[in-house]
Each structure stands twice: as structure tokens, then as C-alpha cells.
There are 2 protein chains.
Amino acid sequence: MTAPAHGQEVVPKFRGPATTAPLGVELSERETPLHPDTRRRAPAAHVTLDAVAREAGVSLATASRALNGTTRVRDDLRGRVRAAADLLGYIPNAHAQALASAEGNRTVGVICHDVGDPYFAGIASGVMRAAAEQDLLVMLASTFREPSREIAYVSMLRAQRARAILLIGSGFQDRAWERAMDAELEPYVRAGGRVAVVSRHRSMRVDTVQPENRAGAAALAASLVELGHRDFAVLSGPPELTTVADRLAGFREGLAAAGITLGRVVRGAFTREGGHAAARQLLAAGDARPTCVFAVTDVMAVGALAALREAGVRVPEDMSLAGFDDIPVVREVSPPLTTVALPLTEMGEQVIALALRTPSRAGRSRVLRIEGSVVLRGSTGAPPGS
Amino acid sequence: MTAPAHGQEVVPKFRGPATTAPLGVELSERETPLHPDTRRRAPAAHVTLDAVAREAGVSLATASRALNGTTRVRDDLRGRVRAAADLLGYIPNAHAQALASAEGNRTVGVICHDVGDPYFAGIASGVMRAAAEQDLLVMLASTFREPSREIAYVSMLRAQRARAILLIGSGFQDRAWERAMDAELEPYVRAGGRVAVVSRHRSMRVDTVQPENRAGAAALAASLVELGHRDFAVLSGPPELTTVADRLAGFREGLAAAGITLGRVVRGAFTREGGHAAARQLLAAGDARPTCVFAVTDVMAVGALAALREAGVRVPEDMSLAGFDDIPVVREVSPPLTTVALPLTEMGEQVIALALRTPSRAGRSRVLRIEGSVVLRGSTGAPPGS
DNA sequence: CCGGACCATGAAGGCGCTTTCAGAAAGCGC
DNA sequence: GCGCTTTCTGAAAGCGCCTTCATGGTCCGG
């Protein structure tokens with residue numbers, strides 16, 4: 001569908017004036033020297049193994065064996081093949097390889113909510129490191145928290161015959177979605193695909209890296225009570241996320257153990273802005289203010305901290321604030337945030353290891369529980385007037 | 001290819017004891033219900049188009065056409081094929097598709113230094129968003145700043161016949177490396193592959209999103225001079241990174257324009273810790289302290305800020321501090337950092353757009369210049385004693 | 001010096017799909 | 001009703017590679 005060839009090609013030798021595009025960016029073209037044959041728009045075909053074999057004067061089969069080392073090949077032939085491959089710049093076609101060999105390809109799929117979020121970036125970083133060690137390529141997808149998109153991605157990864165699919169981040173408490181996801185995953189697993197997840201527990205019979213959200217939140221609550229707090233509020237996220245539900249429940253349990261009932265729960269988006277808005281909403285409410293606030297994620301806590309500062313609420317003198325996850329940024333803000341630390345990078349490494357490990361007895365899924373540890377930092381202190 | 005049915009199925013009803021693993025994590029197995037035929041380790045073959053065609057009672061060719069809509073197919077047949085595909089849970093084999101059609105596959109490769117770094121996470125996020133819109137799958141690789149690994153990844157992406165390869169982040173000023181990279185990229189481009197980069201300019205005749213590092217740093221310098229500063233220091237990164245060289249040079253130029261010579265330049269790693277260490281080193285030196293410090297990236301600036309605080313140096317009262325990039329965290333620290341803002345997400349969207357756009361006249365590579373804008377925040381002020 | 005065991009090699013058959021190419025069916029004007 | 005064009009369908013040829021399978025050659029003991 002290329003334009004009909006002109007008899008004469010006219011390339012204006014024109015160093016484009018800096019045309020100014022919106023947003024303060026500038027687009028220009030620069031001329032580059034080119035090999036004569038590149039000018040013709042005839043995408044030089046890729047070098048195939050066949051060409052290598054011919055160049056080396058051996059059969060296709062031998063060339064394949066020489067390059068992959070599957071079978072012994074006479075040394076001199078192997079040398080010739082290698083040399084030919086080099087000379088021609090041969091790169092095997094991974095698709096053809098995957099198709100021909102039952103071995104499956106060397107790619108794994110990772111689906112998270114948003115790589116831009118430090119929580120996922122941390123886990124993804126761990127996954128990448130582990131993948132690199134095993135010589136695997138990672139296909140990363142961000143769902144931007146849209147459940148349907150997550151399913152669509154699983155489907156795409158299935159089409160790619162990814163060796164494993166990793167689902168990172170809270171699932172959704174939605175029956176229909178769960179069923180759809182299960183319907184997508186089940187045939188994949190049956191066909192030999194591996195699945196592992198981080199932070200999901202409902203209806204998933206797959207290997208899981210499970211942060212102890214509930215216990216962690218409970219422990220945090222206990223620590224905060226110990227500081228002297230009695231009036232609490234929680235900045236919560238979307239209730240359909242299992243992580244949110246667990247942390248909230250855990251926090252409640254922790255308080256209950258000390259005979260305290262949780263006060264207000266304000267709901268916000270699972271982002272910095274969500275935390276900011278929730279905190280403002282909390283302050284706006286006329287009620288007596290809590291002495292301590294727990295944001296279900298650090299990302300939200302950071303937003304909340306900003307909101308408190310803007311409102312002139314001193315942390316921790318007027319109000320204590322705590323989060324969950326221990327993303328890097330919480331150590332940089334001031335005061336640094338008290339939180340429940342999760343080993344994010346390590347979790348990423350674990351989840352891929354779990355997926356790739358030889359499956360245990362058929363039908364058994366493993367659960368790797370990750371205990372969070374409460375880290376008290378400057379954002380929490382004794383309640384005012386104590 | 002289904003497993004032979006058993007007469008009787010015996011599934012041990014055994015809830016595995018929780019075996020405790022190192023690192024405060026706990027590994028346990030849980031039993032899951034399984035379809036009888038899943039027990040046999042005979043990875044149920046994938047459903048093929050052939051099966052769908054047979055189920056629908058049409059030829060392979062028709063089934064293909066019906067599903068892809070490449071040619072008109074009688075409505076009732078198309079319906080039957082669709083239904084059969086659905087029923088069987090057919091998912092096309094992307095490898096086979098890629099191999100058969102010259103269309104190439106729908107994946108793009110992205111190589112960055114480290115997704116865990118907020119700078120790259122921001123750009124990656126933009127890439128992912130744009131890719132999602134175009135229904136593309138992204139293969140993401142982190143080099144962890146090892147040049148050779150970058151080349152290896154390009155090679156892997158070539159093997160995958162990725163539609164485009166995006167190189168994100170500063171290149172290395174190293175002749176041998178450049179040559180090797182070029183040798184890898186050139187055949188790829190000749191074969192119709194697209195390449196686009198962010199922040200590279202040496203020896204690359206490819207589409208580029210180029211932040212104006214030099215101009216940005218110069219403008220920052222001018223702004224700082226305007227605040228009254230005369231004594232400057234720079235916390236610099238690995239000199240082989242082009243970005244570092246440009247920002248440093250730009251900052252020098254900006255100062256020179258005001259007749260000022262740059263004082264100390266302390267070199268550190270391109271990380272938070274690198275910035276921290278560099279700042280400490282700067283303070284440790286007996287010299288008269290500069291009144292203003294420029295860290296070549298925000299990530300380093302954040303580390304430097306921590307170091308200054310630890311050393312009891314007040315920012316900006318005792319010393320001003322500025323960074324470059326405007327990653328999200330700099331707005332959260334206190335004081336918030338002065339920096340040169342780059343539209344990271346947008347840059348990610350642009351670089352993929354650039355790569356995917358129909359190539360301009362043969363041999364022309366486009367350069368999209370991104371102007372950074374100086375954002376003065378709390379971390380900079382008038383020099384002490386003024 | 002011959003037969004069998006062993007090995008490296010080449011020919012050929014897929015892997016699952018797209019896409020010509022040719023043929024059957026249907027619609028049209030004369 | 002005939003010949004023509006216009007549609008749509010099915011057969012078959014690959015895409016690039018791996019992997020039996022069979023073959024020719026070599027090495028050994030007998």
C-alpha cells in the first residue's frame with residue numbers, strides 16, 4: 001500500500017526551520033547519510049537460517065544444530081556455521097523458533113495497575129532483575145486500574161504464549177470479573193502456562209505472594225495505640241480492591257484488640273491526589289478530629305501529608321499519620337512517614353520465581369506470605385495534650 | 001489430545017502444613033479443586049484455528065478471514081466461525097500470525113536504565129498509555145546501567161521482531177559501544193524496524209525526543225544567579241552519560257553568561273545514594289562552601305537534600321539546592337526542590353508516536369526538542385547574608 | 001577383512017497461521 | 001438462455017525454524 005513510485009525522487013535539501021509545536025516542543029528533521037540501497041523502500045528481508053546454512057555450505061538442519069548445540073556437530077562445521085551467522089548478522093526469528101519447538105518462548109508477562117506508581121515500580125524492578133538473570137524478556141502492561149483491560153491483557157499474553165503471566169496488585173471484588181478472569185486463566189494453565197500473583201486471594205488457585213495486609217495493619221494499629229492514640233480515622237481506597245478491604249479490616253481488628261472503635265473512614269482514589277482529597281475531606285468535616293490517621297497506602301499518605309500541611313495541621317504534633325508499603329519516597333518527606341514496610345523488590349523477585357519453579361503436585365498452589373514490619377518514623381508521636 | 005479419563009479419581013484431602021521459609025516469609029500450599037483431566041500432566045494443546053474451522057464446518061481459510069475481517073465472508077458463515085471460536089475458547093497464536101503475515105507483530109520494545117527510578121517510571125508510564133491506545137504490547141527491559149546489557153536486549157528484541165525499539169535514557173560516550181549499538185540497530189532498521197530514543201544524540205540517526213538539557217541547565221543557572229548566588233557547586237553523575245555532560249556544560253554556560261566560573265564539581269552515582277554521597281563529599285571538603293548546589297538529576301538532588309539535612313545545613317537559608325527533571329517526589333520533600341521540569345509522561349507518549357509514525361522521507365530522522373522549564377520552589381532562595 | 005554399533009548429516013515433515021490462486025456460485029445485460 | 005463479471009470459498013503454498021527419520025560413513029571387535 002505504498003505510494004506509486006515516482007520517476008524522479010525529489011528530496012528537498014532543506015534543513016527544516018524549527019517549527020514550533022505546542023507545549024514548548026520543537027520538531028525538526030535532520031538529514032542523515034544513508035546507504036544507497038536503503039533509500040529504496042524495500043525493507044531488506046531478515047537474514048534467515050537458510051542463508052546461513054548456504055553460506056556455510058551445510059544443510060539447514062546442521063546449521064540449526066550448530067547454533068543451538070542440541071546435538072553434536074563436527075567441530076569444523078560448527079565453526080563454519082558460527083562464522084557464517086556472524087558474517088551475515090543472523091538473528092533467529094523468535095516466532096519461528098517458538099512455533100517450531102514446543103519449548104515455548106522466553107517471555108513472561110507482567111500486568112500491574114500502573115508502572116508509574118512507586119509501589120508497582122518497585123515490584124516491577126524486582127521482576128526485571130530476576131528475569132534478566134534467567135534471560136527472559138518481560139512484557140509489561142499497565143491496566144490503569146481498569147478491570148476489563150486486565151483481562152484483555154491476559155488474553156494478549158496468552159496469544160503471545162508467554163511462559164508465565166504475573167498479576168501484580170490487588171484484584172477486584174467483583175463476581176463477574178472474577179469469573180471472566182478465571183475463564184481466561186484456566187485454559188492457559190491447562191495448556192501449561194504458569195500464573196502467579198501478588199496480593200490477590202479471592203478465587204485464584206494460583207501461586208501467590210501475599211503480603212500480610214491484615215496482620216500488618218493490625219500490628220500498626222497496636223503500635224499506634226501504644227503511642228497513646230485513641231481516636232483514629234482511616235483514609236481508605238476503592239472498596240472493591242481486596243488490599244483495601246484487608247488493610248482496613250486488619251486495622252479495625254488491631255484497634256478492637258485494645259477495645260477501641262475506629263472512627264471515620266474516608267474513601268479516596270488510590271493515588272496521591274486521592275489521599276490529598278480524602279484528608280481534606282476529613283479535616284472539613286466538623287467532627288472532633290482524630291489524633292491519628294492511617295492511610296491505606298503510602299502513596300495516599302503522601303498526599304494526605306501535603307493536605308495536612310496546607311491546612312496548617314502539624315504532623316505529628318497535632319495529628320499523627322501513618323501509611324503502608326514503605327515506598328522510597330516516605331523516607332524523604334518530612335516528617336518521614338511511619339508505615340508498614342514491605343520488601344517490594346524482593347516480592348517481585350519472588351513472584352517470578354514462584355511462577356517459574358517446577359509446579360508442585362498437581363493442583364497445589366503455593367502461598368508465600370510476606371510479613372510487613374511496622375516502622376515508626378517521625379510522622380507519628382504521642383497524641384496532642386498528653 | 002485430552003488425557004484418558006480415569007475410572008476413579010483420588011485427590012488426597014490434605015491441607016499442607018505451613019512450612020516456614022527464611023526472611024520472615026512463609027510458604028504454604030493450599031489445595032485447589034481441579035478438573036479431572038488436568039491432573040494428567042498432558043498440557044492440553046492449544047485450540048487451533050483448524051479446530052475452529054472444523055467445528056464451524058468451513059475451511060481454514062474462511063475461518064481466518066472471518067476472524068480477521070480481511071475479506072468479506074458470508075454473514076452466516078462468519079457467525080458460525082465466531083461462535084465456534086468462542087465456544088472453543090480459541091486464541092490465535094501470535095507467533096504463527098507474525099510468521100505468516102508480513103504485517104509484523106504488535107509489540108514494541110522499550111529499554112531503559114531502571115524502571116524503579118521515577119524518571120524512567122514516568123516516561124515508561126507514558127509509553128504504556130500510548131501503547132495501550134494502539135493495542136500494542138510492550139516489552140520492557142532494564143539495563144541497570146550496564147551498556148552491554150543494553151545491546152543484548154536490542155538483540156533479543158530484534159529476535160522478537162518487535163515493531164519498534166525505544167531506547168530511553170542517556171547513552172554512553174564510548175566509541176566501541178556506539179559502534180556495537182549501531183551495528184545492532186542498522187540491520188534492524190533496514191529490515192523495516194523502527195527505532196526512537198529519548199535523550200541520545202551521538203551517532204544515532206534515529207528519531208529522537210531530546211530534552212534540552214543544555215539550554216535547561218543554562219536557564220536554571222541564570223535563574224539562580226538572579227537570586228543572588230555567585231558561588232556554585234555541581235553534583236554530577238557518571239561523565240560517560242551524555243545527559244550528564246550536557247547538563248553540566250549548560251550550567252557552565254549559564255554561569256559564564258553572567259561572568260561566573262563554576263566552582264567544585266563532585267561526581268557521584270546516578271542514584272539517590274550517589275547524590276547523598278556527593279553532597280557529603282562536598283561538605284567534607286574544607287573549601288569555602290558554595291551558596292548554591294545543582295544536582296544534575298532530581299534523584300541525586302533528593303539524596304543531597306537528605307545529606308544536607310543530616311549535616312545540619314539548612315536549605316535554602318544556608319545553601320540553595322536545585323535539581324533537574326521534576327520527578328514527582330521533589331514536590332513532596334521539604335523544602336520542595338527547584339528544578340527544571342520535563343514532561344516525562346508526555347515524552348514517553350511522544351517517543352512511541354515518533355517511532356510508529358510513518359517514516360518521513362527516507363533517511364530523515366526527526367528530532368523533537370523538549371524545552372524544560374525552570375520551576376523555582378522552596379529549596380532555592382537568596383544566598384546567606386544578603 | 002566383514003558385520004554391527006555408533007554418529008554426524010541431510011531430507012522432509014510439521015508448528016499455526018495468512019494469503020495467493022483458481023474454481024464454484026450467483027447476478028447481470030443482451 | 002448464453003457469456004460475462006462479480007463474489008465468495010477452499011486448496012495449497014509458504015513464513016523460518018526444529019526435529020524426527022533415514023542414510024552414508026566411521027570405528028570396533030571378531
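Quick caveat, the model's predicted, so the values are computed rather than measured. Computed from heavy atoms alone, side chains included, the values below leave out hydrogens, waters and symmetry copies.
A:S64 comes within 4.0 angstrom of a nucleotide base, judged by non-hydrogen atoms across all strands.
Spacing between atom CG of B:N68 and atom P of C:dG16 amounts to 17 Å, rounded to whole angstrom units. In this structure, the CZ atom of A:R65 is 14 Å from the P atom of C:dA12, given to the nearest Å. Note: CD (A:Q160) to P (C:dG16) measures 16 Å, nearest angstrom. One atom, NE2 of A:H95, and another, C1' of D:dG14, lie 17 Å apart when rounded to the nearest Å.
Under the 6.0 Å distance and 45° angle rule, A:R129 counts as a cation-pi partner of B:F144.
Side-chain nitrogen and oxygen atoms of B:S101 include none within less than 4.0 Å of the OP1 or OP2 phosphate oxygen of C:dT18. Within the 4.0 Å cut-off from OP1 or OP2 of D:dC17, not a single side-chain nitrogen or oxygen of A:Q97 is found. Dashed line: the shortest gap from a side-chain N or O of B:R72 to OP1 or OP2 of D:dC8 is under 4.0 Å.
As the counterpart of C:dT18, D:dA13 is assigned, both hydrogen-bonding distances of the Watson-Crick or G-U wobble pattern falling under 3.5 Å.
For D:dG16, the base has no donor-acceptor partner in the side chain of B:R161 [N/O atoms by modelled type, under 3.5 angstrom].
Defined by atom type and a distance below 3.5 Å, a donor-acceptor pair is present between the side-chain atoms of B:N105 and A:H95.
The A:L77 side chain lies nearest to C:dT9 when the options are C:dT9, D:dT19, D:dC17.
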